[in-house]
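Just so it is clear: chains get the letters A, B, ... in the order the sequence lines come, proteins before strands, and each one is counted from 1.
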Amino acid sequence: MSGFGIYLVFFLIIALNYGIMVLGLNLQWGYTGLFNAGVVGFYAIGAYGTAILAGPDRAALIGGFGLPFPLAILGGMILCALAAIVVGLATLKLREEYLAIATFGIAITIQLVALNFESLTGGANGLVGLPRPFIDAFESTTSYNLFFLAVVACVTGLVYVALEAAVRSPWGRLLNAVREDEVAARSLGKNIALIRLQAFVLGCTLIGLSGGIYVAFIGFVSPLDFLPILTFQIWAMLIVGGSGNNAGALLGAIVVWALWTMSGLAISRFSPVGFQNQAGAIQTMLIGLLIVSMLIFRPRGLIGERATVSSHKERGAP
Amino acid sequence: MRRYLCSTAAALAATTFAAGSASAQSCEVNVGAVLSVTGSMAAIGSAIGDAGQLAVDHFNEAGGVNGCDVNYILRDDQGSPNVGVDAAKTLVEIENVPVILGAIQSGISLPILSSVTVPAGVTQISCCSSAPSFTELAEEGGTDGYWFRTLPTDRPQAVVMATIAREKGYERIAVVHVNSDYGNSLAGNFEQAFEALGGEVSSITPYNQEQASYRAEINRALQGDPDSLFLIAFPADGATAAREWISFGGSQNMLLSNALRAEEFVNAVGAQYLTEAVGIDNAQVEGESVEAFNASWKEQYESDPSGPGLHTMYDAAAVALLAMEQAGEADGTAIRDSVREITGGEGEEVYPGPEGFAKAKELIAAGEPIRYVGATGPITFDDNGDVTGPYLTWGVEDGALVTLDTWDIERVNEAMAGVSEE
Amino acid sequence: MLQALADGILTGAIIALGAIGLTLTMGILRFANFAHAELITWGAYMALAAVSLLGPLGGPIGPFSFGLPLILGTIAAMALTSVLALAIDGLVFRQLRGTSNHLTLVFASFGVSLLVRMLILLIFGGAATYYSNTLQIAIPVAPGLRLMPDQLFALGLAAVLVVALYLFLQHTRLGLSMRALAENPDLTRVNGVSTARVIRWTWIIGASLAAVAGVLYGLTVQLRPEVGFHLILPLFAAAILGGVGNIPGAVIGGMIVGLAESFAVFILPPGYKMAVPFLILLAVLYVRPTGLFAGTAGAAK
């Protein structure tokens, strides 16, 4: 396999794993209209939950239960769901932006816990030497990465199929109803807050799943993995791909991550060293610009939402 | 065009068979570096990148490695592990580098090590990652020997600082440290050493990086009337913390960690408040090898090499290239196995700079053993890829950074023994 | 303890100045503006730029570390921050005000905050800076309490501004329409108040106060591009605690958040300080979502 091919496998593992996260966010924002400003917080809960459950026993740490990875990832997802319930119950009956503020807060708080709660999270050192699942069964890294890609692709595929089925079910139409016309939905006797909570918790659980897979692949976790910029990256993927469309969400993940990594490559190749200092800031500004201009000029993203039950909403904004 | 030139050069070289080794090269070998050129470490990252470039330039002046020109590819990790890991992976798979230099932060070096370099059999040499986790991982066999770092681990530094503090008569010291692997480990080791020497640590206060204010942390550190402060920080945050410490009546008896040895720090705090301060750093300032590096840095960049990580980065690159020359091939595993052959040991000493590298190449070609004595002095890697090194202490006089004292390896070992005895 | 009290009040005053603008936009424009905190950073850096231009105009006045340049710089910063706020409103928020999902506005503000922060980073660099490099030594005022003259000035200025704003809202026609719009937009529109004009002045007042907050922050602490980012949560906590749209509420909310952060160090390790506003926020949302002083715009649906 050529060097480029090996890199491509590696790239796709990371990109598809981000794709799972974007799918979770799409359920929240694209289908239900919930603004999660703390994506990275839930990703961190999933990652740390998995690392603590799967990690080897160490004297200085509380964790280290040595569970098999599938169980550990499940545990991380459950932790994510619990955190989502705490935040969701507080905010989902209130004005929509309160959820945004609270999720923003939980992301900062999780980062602080990761950094300061040394006996659980390893503090700034992170958790090292985590076992990588099934690595002994493979002779070369390349075949292992291929195997891992197959697993991630299967998981992503399953999540995609399940979400497509869900959004087409009566429950899925209810999500759209809640997003587009809350009063109407309520007048039909639906419990809006409960439906929102379900979508929010489910979305966060998927974000946690992505965190768990990341840990399994990298074999290490530290607070540095969860910088606030990641939230923006994931949002950019969703917005570029088109919120309200699961295939778009996956496409967005691959396109944005490709642009992000290639711009780094391009900067190192073509720009003078003196300029590289500013390059990071410019790169981040491009994300901000992308988000804002997509919202203004192309709200439906690259692919965008299919017109469904409520196409009539297009004509008259409230 | 370049290819044409290269083949012409190759033809020329072939015809003028006896031409010296420093003539034009027919091939290129890539060396990768992953550093934080942007992001939270940007302030020190680009200078560190320059130090790596300098070593590569010197090697090319000396005729390249194994008859090939060295091509230095610097990739930015933006202070983020996911970007750093991706950068490392492209370097390994697309640029085919046999060795990666970096990263700066341990939280980036570690995922690169565990998910890129070790699986691919590529040697990784860091200038700046000081976390104890690497030693732990190496002991468990998690690094397969592919990991090296050219800066000493924190424990000797902590012991030297504790010894100095006791010599200066400090009884109750407050420790304020950056909440990172580096800060945690240094603070913990310092407390142990200082108390073993009969002093008392009044408080240990971690602070999180890049916050706007450290007033709450400084207030906490001021509780219990400490007579001195050990500040473990990076220049920007450290200046804020030191300013607030002084503003709120803290003692000017300050000990400063190695990362604070920067003019940026002195200027931001104000030199007049730092006359009592004593800092530490890893580099050995005396000796021909160090001066050779300092002189060539001045010549190239027209400034003093006084930032953190410059000397260690130069050595990281030099060790990688010399090991490659010794191995005779640009292969990660061969480089790993050659690193200890060109450091430590009893071979003939070679120094930084084009002349030093040219001499090293001749000796290697003749099959003679060499010993690289670098910008940080003599280097010996232990089984875990760690080095113990000499230290210097520095202070501020007339607004400038000056060296106060030097601690060679023997003196460091003596201090270490003094702590473990009690 | 005394020191923590003093520090808490000072931080609280700065948060309060920022939260006033935030609560006004949340009340009148009906969306949570994540970019508001960046106006604080912007204001602080604009004053820095002005100080470096006006430097020759004079040295420090009395016991303070600053002089005429910073005072003029603050006024310039207020103007320039207002310009930025109006530009953002015209270029982004106004475009989106008609869209069906008003959360789009919140989201856009998220993107704008990133843009502004990176722009500051690009222009001024990431290192911490100060208006004046001379260190001020705090004066012992009482046992266990040290204060810098600059801190007293900051507190005094914040108090004066809050009182002035209060009088403006109580006694001028524009102030009354702003309050009316915050309390009941539909009724106000029916009564023929020019919404566009009120919105414009909301931005100007909010941005000017944010700029002053930024200058005071830079004066008593330091300047760095992340200042605003770290203030987002405290500002929201203060605005919601005080009741959205309620100005005296925002001031008291700011004080409570500032004091809580300052005193939290006695209970929690200092590393968790930044989580304190979040815990306050969560508690308020669970126990009394309308805020302590029944928010005018009404948080509950």
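- Within residues 126-136 of chain B, the residues having any heavy atom less than 4.5 Å from a heavy atom of chain A are, in residue-number order, B:Ala131, B:Pro132, B:Ser133, B:Glu136.
- A distance of 6.0 Å separates CZ in A:Phe217 from OG in B:Ser115, rounded to the nearest 0.5 Å.
- Looking at B:Ile108, the atoms closer than 4.5 Å to chain A (heavy atoms on both sides) sit in the backbone and in the side chain alike.
- In this structure, the portions of B:Val85 lying under 4.5 Å from any heavy atom of chain A include both its backbone and its side chain.
- With hydrogens and angles disregarded, no donor-acceptor distance shorter than 3.5 Å links the side chain of B:Ser80 to the backbone of A:Leu224.
- For A:Gln111, no part lies near chain B; criterion is any non-hydrogen pair under 4.5 Å.
- Here the CG-CD distance, from A:Leu227 to B:Gln78, works out to 10.5 Å after rounding to the nearest 0.5 Å.
- Contact count versus chain A (heavy atoms, under 4.5 Å) is highest, among B:Asn184, B:Thr90, B:Leu91, B:Asp77, for B:Thr90.
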Go through A:Tyr7 and B:Asp86 one step at a time and tell me if the side chain to side chain contact (heavy atoms under 4.5 Å, CB included) criterion holds.
CA-CA 9 Å; A:Tyr7 171 71; B:Asp86 185 85; 2.8 Å; yes

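- For the residue pair B:Asn82 and A:Tyr214, no side-chain donor N or O sits within less than 3.5 Å of a side-chain acceptor on the partner.
- Using a 4.5 Å cut-off between heavy atoms, A:Phe226 makes no contact with chain B at all.
- Taking each heavy atom of B:Ala120 and A:Thr141 in turn, the nearest pair found is N-OG1, 4.3 Å.
- Within the 4.5 angstrom heavy-atom criterion, atoms from both the backbone and the side chain of A:Ile218 approach chain B.
- Residues passing the side chain to side chain contact (heavy atoms under 4.5 Å, CB included) test with B:Val118, sequence neighbours excluded: B:Leu113, B:Asp144, B:Tyr146.
- Closest heavy-atom contact between A:Arg132 and B:Ser114: NH1-O, 3.7 Å.
- Only the side chain of A:Phe10 has a heavy atom closer than 4.5 Å to any heavy atom of chain B.
- By number of non-hydrogen pairs under 4.5 angstrom with chain B, the leading residue of A:Leu130, A:Ile14, A:Asn145, A:Asn125 is A:Asn125.
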Checking B:Val83 against A:Trp260 for the side chain to side chain contact (heavy atoms under 4.5 Å, CB included) test, could you report, in this order, the C-alpha distance in whole Å, the side-chain angles of both residues, the deciding distance, and whether it holds?
CA-CA 9 Å; B:Val83 181; A:Trp260 190 264; 3.5 Å; yes

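- Heavy-atom distances place the side chain of A:Leu112, and not its backbone, under 4.5 Å from chain B.
- Both the backbone and the side chain of B:Asn179 come within contact range of chain A, with heavy atoms under 4.5 Å apart.
- The CD1 atom of B:Ile94 sits 5.5 Å away from atom CZ of A:Phe4, with the distance rounded to the nearest 0.5 Å.
- For chain A, the nearby parts of B:Pro111 are the backbone and the side chain; heavy atoms of each come within less than 4.5 Å.
- Contact of A:Phe148 with chain B is not made at all, since no heavy-atom distance falls under 4.5 Å.
- When every heavy atom of A:Thr261 is checked against every heavy atom of B:Arg75, the shortest pair comes out as O-NH2, 3.9 Å.
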